[in-house]
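All values below were derived from every heavy atom in this structure, side-chain atoms included, with hydrogens, water molecules and symmetry-related copies excluded. Labels below follow one simple rule: chain letters A, B, ... track the order of the sequence lines, proteins then strands, and each chain is numbered from 1.
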There are 2 protein chains.
Amino acid sequence: MRSKNRASGKQERTFIEEARRAQLVECAIEAIAELGLHRASLAEIARRAGITKQAIFYHFATRDALIHEVLAVVTRQGAEFMAERSRRQPTPADELRAYIEANVEYIGSHRDRVRALVSIAMNFTDEDGRSRLLPLDASVYGDSLAPLQDILRRGQEQGQFGEFTPRTMAMTIRAAIDAIGPQLSALPELDLDGYARDLVQLFGRATANDERA
Amino acid sequence: MRSKNRASGKQERTFIEEARRAQLVECAIEAIAELGLHRASLAEIARRAGITKQAIFYHFATRDALIHEVLAVVTRQGAEFMAERSRRQPTPADELRAYIEANVEYIGSHRDRVRALVSIAMNFTDEDGRSRLLPLDASVYGDSLAPLQDILRRGQEQGQFGEFTPRTMAMTIRAAIDAIGPQLSALPELDLDGYARDLVQLFGRATANDERA
DNA sequence: CTATTTTTTGACCGCACGGTAAAAACGTAG
DNA sequence: CTACGTTTTTACCGTGCGGTCAAAAAATAG
């Protein structure tokens, strides 16, 4: 019984249910990446899954629930990817380089997911204009910025980095990275490796300590 | 007769019509900035103008026409603002500083317009996902970047700037500036003057010629 | 084979959207 | 006051949306 699952809170999901949920999430990602959030209707997502719209409601209570699941899946997978790539680096400058390279690589190899994420972040709003993503807003302007700011501060304390406002530097680095997504849509042949190299050089100079011997 | 105006192409618009059009554009800007493009329905815009939805069709053929007019008005006013502020500067480095400062100032003093512009740029799409803003896309990834790249190239030729890829540097500068909008929404108390100073310093270092005597 | 549970569908609903047509209100010149 | 052109409203359409409900179809268990 489903009601038993719900009541007990346990996720005794069937094999089929798990598979369908995963499939629907994937189809939602593709639809959102391709059409934007507000055009990715349940009918459209269902069509891509080879299912009727009404069947979605068996697996997800509302459309919002499906979108939230998309968010959860994408952010979790993104975190896993970044965790894999960010082996310990000897110095803050190396950490910064690794951070930029890993981010650019992720964006390049997961364009659909990034596109979908951006579309959701920008358009998943309440009846008023307020974002329904306080957790994500916090993650974008907090969690996601925090590790960067941490690297920058440590670099300054150790004298490897010069004087600057860590928050502004962190925001600028993230902005430069996040700008890649839209650019890829406009000009798909963009040389990502070269771009990453440019960014590493750019922010290497911007963070460098001028007063070095 | 209206048809006469249309047929001749002449804009013999009444005083009232001109005023209504301007009012509707302003209301549309506010609605889009507040609710996002897809929630800014004709009914909502009409409500803000104290008019019925159907009256809009007398002044604008379709909703798209109204949105396009919003775009035209905002971009034109923005260009006027920037033209005013960008007095000739003696060196490329000064030009770059002036460019950053003028942009940040504009964003700070026209938040609604910037928000609306961003929402339109991100969501004004065709039935497929393709942007309906080739002119704006060109302006965002071309026209708007071109003067920046121009400054950067001249600085390199004159030896005031060091070695870097002008396109990447220009993209990063624009990304840093454009990131202000979303940040303002999240934390409205942001110190814009300080932010502008930080950016000027940051990109001053990033563009500097290391091999200077 | 049958009974039961899980999964999917078909038929709807109410709603808000962009858009249309015709009539009413308004302003103004003769 | 009247006639005429301008502006706005009232009354509608058709469409697609998210969502509900009961019945049908697939699985699964006995």
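- Q183(B) places no side-chain N or O within 3.5 Å of a backbone atom of L190(B) that could act as its donor or acceptor partner.
- Between the CD1 atom of I56(B) and the P atom of dT7(D) there is a distance of 16 Å, given to the nearest Å.
- For L42(B), taking side-chain heavy atoms from C-beta onward, the closest of the listed nucleotides dC17(D), dG18(C), dT9(D) is dG18(C).
- The nearest whole Å value for the distance from the CG atom in D64(A) to the P atom in dG19(D) is 7 Å.
- Between R63(B) atom CZ and dG19(C) atom P there is a gap of 8 Å when expressed in whole angstrom units.
- The pair E34(A)-R39(A) fails the salt-bridge criterion, with no side-chain N (NZ, NE, NH1 or NH2) lying under 4.0 Å from an Asp/Glu carboxylate O.
- Distance CZ (F57(A)) to C1' (dG10(C)): 15 Å, rounded to an integer number of Å.
- The CD1-C1' distance, from I51(A) to dT7(C), rounds to 9 Å in whole Å.
- If you take CD1 of I45(A) and P of dT8(C), they are 16 Å apart, rounded to a whole angstrom.
- Classification of R153(A) and D150(A) as a salt-bridged pair fails, no side-chain N sitting under 4.0 Å from a carboxylate O.
- Note on residues 107-125 of chain B: pairs passing salt bridge (Lys or Arg N to Asp or Glu O under 4.0 Å), not counting sequence neighbours, are E26(B)-R113(B).
- Salt-bridge formation is not detected for the pair D193(A)/R197(A): no Lys NZ or Arg NE/NH1/NH2 atom is positioned less than 4.0 Å from an Asp or Glu carboxylate oxygen.
- The closest side-chain heavy-atom distance from M169(A) to Q156(A) is not below 4.5 Å.
- Looking only at side-chain heavy atoms (C-beta outward), I180(B) and V114(B) stay at 4.5 Å or farther from each other.
- Phosphate proximity of dC17(C) to R39(B): absent, as no side-chain N or O sits under 4.0 Å from OP1 or OP2.
- Listed here is the closest heavy atom pair of H68(A) and F124(A): CE1-CE2, 3.6 Å.
- As a whole-Å value, the separation of L37(B) CG from dG18(C) C1' is 13 Å.
- Distance from the side chain of Y58(B) is smallest for dT8(D) among the nucleotides dG19(C), dT8(D), dC17(C).
- In terms of heavy-atom proximity, A40(A) sits nearest to R63(A) at O-NH1, 2.7 Å.
- Look at NE2 on H59(A): it is 13 Å from P on dT6(C), rounded to the nearest Å.
- Close to dT6(D), at under 4.0 Å from its OP1 or OP2, lies no side-chain N or O of R20(B).
- Listed in residue order, the members of residues 21-29 of chain B having a heavy atom less than 4.0 Å from DNA chain D come to none.
- Contact between the side-chain N/O atoms of S41(B) and the OP1/OP2 oxygens of dA16(C) is not found at any separation under 4.0 Å.
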Between the protein and nucleotides 11-15 of chain D, are there any N/O to N/O pairs under 3.5 Å, and if so, what are the atom names and distances?
from    : atom 1 : to     : atom 2 : distance (Å)
dA11(D) : N6     : Q54(B) : NE2    : 3.0

